[in-house]
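Have a look at the structure below before the remarks.
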Amino acid sequence: MIKQIIAIGQVFSSTAARWIKQHPKRVTATVAALLLSGGGGAFAVASLGPDAADLPVREILETVQPLAYSDYSREAESAYVLYRTDSTRSNDTADTLLKRLGIDDAQAAAYLRSDGNARQILLGRSGRQVTAEALSDQRLNKLTARWTADNEGHFQRLVIERTGNGFTTRLETAALRASSQLASGTIQSSLFVATDEAKIPDAVAVQLAEIFSGDIDFRRELRKGDRFSVVYETLEGDGEPLRTGRVLSAEFVNAGKSHQAMWFDEPAAGQSGDSLQAGNPISKGGYYTLDGQSLRRAFLSSPVAFSRVSSGFAMRFHPVLKQMRAHLGTDFAASTGTPARTVGDGVVTFAGVQNGYGNVVFIKHRGETETVYAHLSKLLVSRGDKVSQGQTIGLVGSTGWATGPHLHFEVRHNGVQQDPMKVAQKSETVPVTAARKPVFDQMAQQARVALAAAASMEVTSAQ
């Protein structure tokens, strides 16, 4: 009996082997179906019907009537549109702008020259983003220019569009859309070199220096190997980036010590926190450490947006008097016309010409502190004016005893000159109010996650 069973099994195995060899595709399909079923009870089994490769093949020929050439041309022309985006240049003419956009259309060029809006907005203006839609024969179908005209969250749009009789022009206003960008970098020589390598806009680099200026002297304390991570806004119009917004959160590791900051809006008196939006003028928005301490100090460290110090608070050889003497202020190298700003709230006590200072402004602050802004090319305030921190009070120049354009800046306490950087670092800060602390803590946690993600980008790119 056992021998008979073995013999039957051998016959079955031999038959199965021949069947598998003859029908490999059916076996593969069956195994795949079993595997995909996951073994979860019920499963599908591939059909064991005839293999498609074994079925007869028939060839069928049919006559197809093609479209007339004229119909084909019209259909292709209407469907085939090319898009190209570029920025306007100060020396642009109608012809050079269209040529750069891939447009060969004399009628369109003539329209740009004749249309007042096109001439004012596109020609001779630099930095305006322009998108052109071209037909298959390189004629202009539609041209759209976008630019930001204010800081109220809107952008302007100029649309020039082909019609049956020529072109039409319309001006529109639309809302900007903010998106967040993450980036990080490492200092090798300077902040701006590092941000350029990380493809971070200069406007963001300036904000980084401003945010941490009360804790880090970016002119003297940067070290090779210092690193930073930043989350910042890009403001878009129709999906195209138009300008950089504010820094939302940032971390700077200087000499091994981490400094973190995030933007937070505190409501002004009588306003609820829910009504605030970024950039709302009635808010008291500012930068805070992630534990809730304000980074806005009573005094800024610099009266000029991130600039090189050409002469510090120390002994020096005076370039005009030709002798060694104490330099009881700080000189900031800047071109003529650069805005000079007050470093703190106060009242103008003098604005005029004074000896070696040339055009100079004196501002009285609380606590017997006074600041001086000298060699200005233009004064923008008068005696008795109340000024707020960051307000432009004049323009950099080279009046008085100056060998070139720069801003001479002094901080005096009870009439004695002080090192501006040290005064700024010691000035007081204000914490987040208790009522807003729970909201702040929630946002701070989100900022930590975002900064960790930004920092990981540099690690990944380095690997």
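Within the 6.0 Å centre-distance limit, the rings of Phe218 and Phe252 are counted as a close aromatic pair. Residues His408 and Phe332 place their aromatic rings such that the two centres sit no closer than 6.0 Å.
Within the 4.5 Å cutoff, no side-chain heavy atoms of Arg125 are placed close to those of Arg89. Counting only heavy atoms from C-beta outward, the side chains of Asn359 and Gln354 never approach each other to under 4.5 Å. A heavy-atom distance below 4.5 Å is found between the side chains of Leu158 and Leu122. A heavy-atom distance below 4.5 Å is not found between the side chains of Phe350 and Ile363. Between Leu242 and Gln129, the closest side-chain pair of non-hydrogen atoms falls below 4.5 Å. Contact check for Ile160 versus Thr168: no side-chain heavy atoms found under the 4.5 Å cut-off. At a threshold of 4.5 Å between non-hydrogen side-chain atoms, the residues Val361 and Val348 count as touching. A 4.5 Å side-chain heavy-atom check between Trp263 and Val247 finds every atom pair outside the cut-off.
Looking at Glu236 and Ser179, their side chains do bring a donor and an acceptor atom within 3.5 Å of each other. Between the side chains of Ser258 and Glu251, at least one donor N or O lies within less than 3.5 Å of an accepting N or O. Neither side chain, Ser126 nor Thr88, offers a donor N or O lying under 3.5 Å from an acceptor on the other. Checked by atom type, the side-chain pair Tyr357/Thr399 shows no donor-acceptor distance below 3.5 Å. Side chains of Thr289 and Asp291: a donor on one and an acceptor on the other come within 3.5 Å.
Using cut-offs of 30° and 60° on the angle between ring planes, the pair Tyr288 and Phe264 is perpendicular.
Within the 3.5 Å criterion, the main-chain N or O of Ala334 finds no donor-acceptor partner in the side chain of Thr338.
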